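Please read the structure below before turning to the comments.
Owing to the predicted nature of the structure, the values given are computational and were not obtained by experimental measurement. All chains are named by letter (A, B, ...) in the order of the sequence lines, taking the proteins before the strands, and each is independently numbered beginning at 1. The figures here come from the full heavy-atom set of this structure, side chains too, leaving out hydrogens, waters and symmetry mates.
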Amino acid sequence: MQTLNFLKPNRDNIKNYSIIGSFLVLVSLIDVISNAFLKVNLTSFLPGSLTSLFPLIIGLIGLNMMRIDYSGNKKLDLLNKNINTNNFNALLTLVILFSIIKALPQSLSWMIFDATISGDSKDACTGTGACWTYIKVWFRRFMYGMYPNEFHWRINTAFILVIALGFVGYFMKENLKKYLALYYVIIYPVIAYLVIYYLISGGSFGLQWVETGAWGGLSLTFIVSFFCLIFCFPLGMIFALGRRSNLPVIKYISICYIEFWRGVPLITVLFMSSVMFPMFLPEDFFMDKLVRVIIAITLFEAAYCAEVIRGGLQSLPRGQYDAAKSLGMGYWKMHIFVILPQALKLVIPGIANTFLALVKDTPLIFVVGLAELAGMLALAKTNPKWLGFAMEGYIFASIVFWIICYAMSKYSYNLEAKYKTER
Amino acid sequence: MPDPIIKIQNMNKWFGDFQVLKNINLEVEANKKIVVCGPSGSGKSTLIRCINRLEEHQEGDIIVDGNELSEKTKDIEKIRAEVGMVFQQFNLFPHLSILDNCTLAPIWVKKMPKKEAQELALDQLKKVQIDDQANKFPGQLSGGQQQRCAIARALCMQPKIMLFDEPTSALDPEMIKEVLDAMVSLAKGGMTMIVVTHEMGFAKEVADEVIFMDEGMIIEKADTKEFFANPKSDRTKLFLSQIL
């Protein structure tokens, strides 16, 4: 009977089975790799469709033989637990693995081996691969938009200053810590605004005025996201508290606000802010388009923030409110010291979600004529000298956005870990 | 006879259509210890939650330390600051250390200087014997330790009255004793206390008066010895026979 047992491996014959199994998997991998990279078909002796199925079948049998519960071998157990729990999962593992291997050579050769990066015009791109020359030539435009080249240092300086000011909280003395929230909610945005206004806009201190229409590229993405993020959070907090208020006027104003902004699409809000809104303003009153757009996005995202924060407020047990009240705390003290610190900690993942969505929504400002990174791409790809490189541009933009968003989500995990006080 | 510190007259309270408290009359003199007992759902907790207006009553008067509690009461926070409360579920603030739990309200409500508040808090924590845990967070403490911290937190406000809402009901049997010990020593210190509890041993040891409630009414109110020796109503006898 022992010989019939080959589909049911166990601990007794672990050595044979794991060796034969891994050998079979290895064979299947070699077959697929040689097929994809060297264009050599090792199994051409097999009839038609069997050729393509051969690695899959061999691999499945191999994985089946390796599937031994509690084998005692840590690596084998880990492998079995994660990608080889049953035949179906083993099949999925193999299909995904083979697909990646098959797709790798083409994408690698397009992105790297056949790609061009030398030269500074379209003529350099003669190969079959990607034309990174395009990105290289347009790089400054993608970063700074139509901002004059000789003034790019102003944007860089402004950003470095703003980031440095953002870190002030870390170095604040202990006795100033209680003003931390005040600093980040009120003082910091004002300083950041002034820095950006005087350095990037210019117009005074001997710096030439650059109108906001010329701003663009990744720096504009940063400016819009930055201001929207720092303003929408406190605003959302106010509306979240408002919606839970016992005072009917405040409560219904908050509900109306939240439901209104959640009900309209961002793109119409942006249109309204740039086309309709100026009509209602007095004639001699001027508000920059960029400012209007930032206000529009802030108001829009604040509604989402408010609902996320309200979720956190609702998840706190009533006892926390009771305890704070019984100690003689009023509404504001109770919320500032007891309720909000706990609720905000709970909503870090939700807030991070909203913020990531916000950053990725900024390309929409293209509809009102502001070209941040994705907007610059759209402009660049229609440039007659550089037609046909949309793919490279969008891959570049995806990578940039992915890096930004991944950094943000990593930061949110750090915050979560930092404020974790439960056991 | 001195003026009572808590005076409740003809108080009625409804939750929606359901009347939880029916015609409550109660007077508590300063430094007295009252134990409230009765089956669950009888309105004991609601009664003491009304005393610091965590629940609102609809009819009748509640006068705490000379202040009447009603919708018009402006400085409800000031009254609450003088009435400490300990809850069944401890309700410590999990994001603050034990010490910060105790100093938060003195610093921000009573405007006490930070150093003074910390000294006071450590003093109170020492009395309930958890001063060595001061820098831990509530989540790292056992239930009994958490409840003792909750008592210390309430005492840091230097209240005139302490309310206890089933302080030992959520605890393991071994931990009940350490919390009761803390309460007994507090009672011996002369604090005015109203305690909702099922711990009849505690009632016998420290209570001046015992109140028995059922279905929202005060069925029986008597001196402790009298209450246990010869209860008058049949309902009380039944209750005592089950619980003792």
With no hydrogens and no angle check, just 3.5 Å: does a side-chain donor-acceptor pair link B:Asn12 and B:Gln19? yes
Any luck finding a side-chain donor-acceptor pair between B:Lys136 and B:Gln145 under 3.5 Å? no
Salt-bridge criterion met for [X] and [Y] (N-O under 4.0 Å):
| X | Y | value |
| --- | --- | --- |
| B:Glu209 | B:Lys32 | no |
| B:Asp165 | B:Lys44 | no |
| B:Lys7 | B:Asp61 | no |

Using a cut-off of under 4.5 Å for heavy-atom pairs, which of [options] has the most such pairs with chain A?
| options | value |
| --- | --- |
| B:Val109, B:Leu163, B:Val86 | B:Val109 |
| B:Ile76, B:Leu92, B:Asn52 | B:Leu92 |
| B:Ala154, B:Ala105, B:Ala150, B:Ser97 | B:Ala105 |

Heavy-atom proximity to chain B below 4.5 Å, by part of A:Lys325: both
Under a 4.5 Å heavy-atom cut-off, does chain A meet the side chain of B:Arg153, its backbone, both or neither? both
Proximal component of B:Phe87, with respect to chain A [non-hydrogen, under 4.5 Å]: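 Looking at B:Phe87, just its side chain touches chain A.
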For chain A, which residues of residues 77-85 of chain B have at least one non-hydrogen atom nearer than 4.5 Å to it? B:Glu77, B:Arg80, B:Ala81, B:Val83, B:Met85
Is there side-chain contact between B:Met11 and B:Ile62, with at least one heavy-atom pair below 4.5 Å? yes
Sub-4.5 Å side-chain heavy-atom contact between A:Phe231 and A:Leu235: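 In short, these two side chains do not touch, never coming nearer than 4.5 Å.
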Could you walk me through whether A:Phe226 and A:Tyr188 pass the ring pair (Phe, Tyr, Trp, His ring centres under 6.0 Å) check? CA-CA 11 Å; A:Phe226 173 75; A:Tyr188 180 54; 5.8 Å; yes
If the plane angle is over 60° it's perpendicular, under 30° parallel, otherwise tilted; pick one for A:Phe159 and A:Phe222. perpendicular
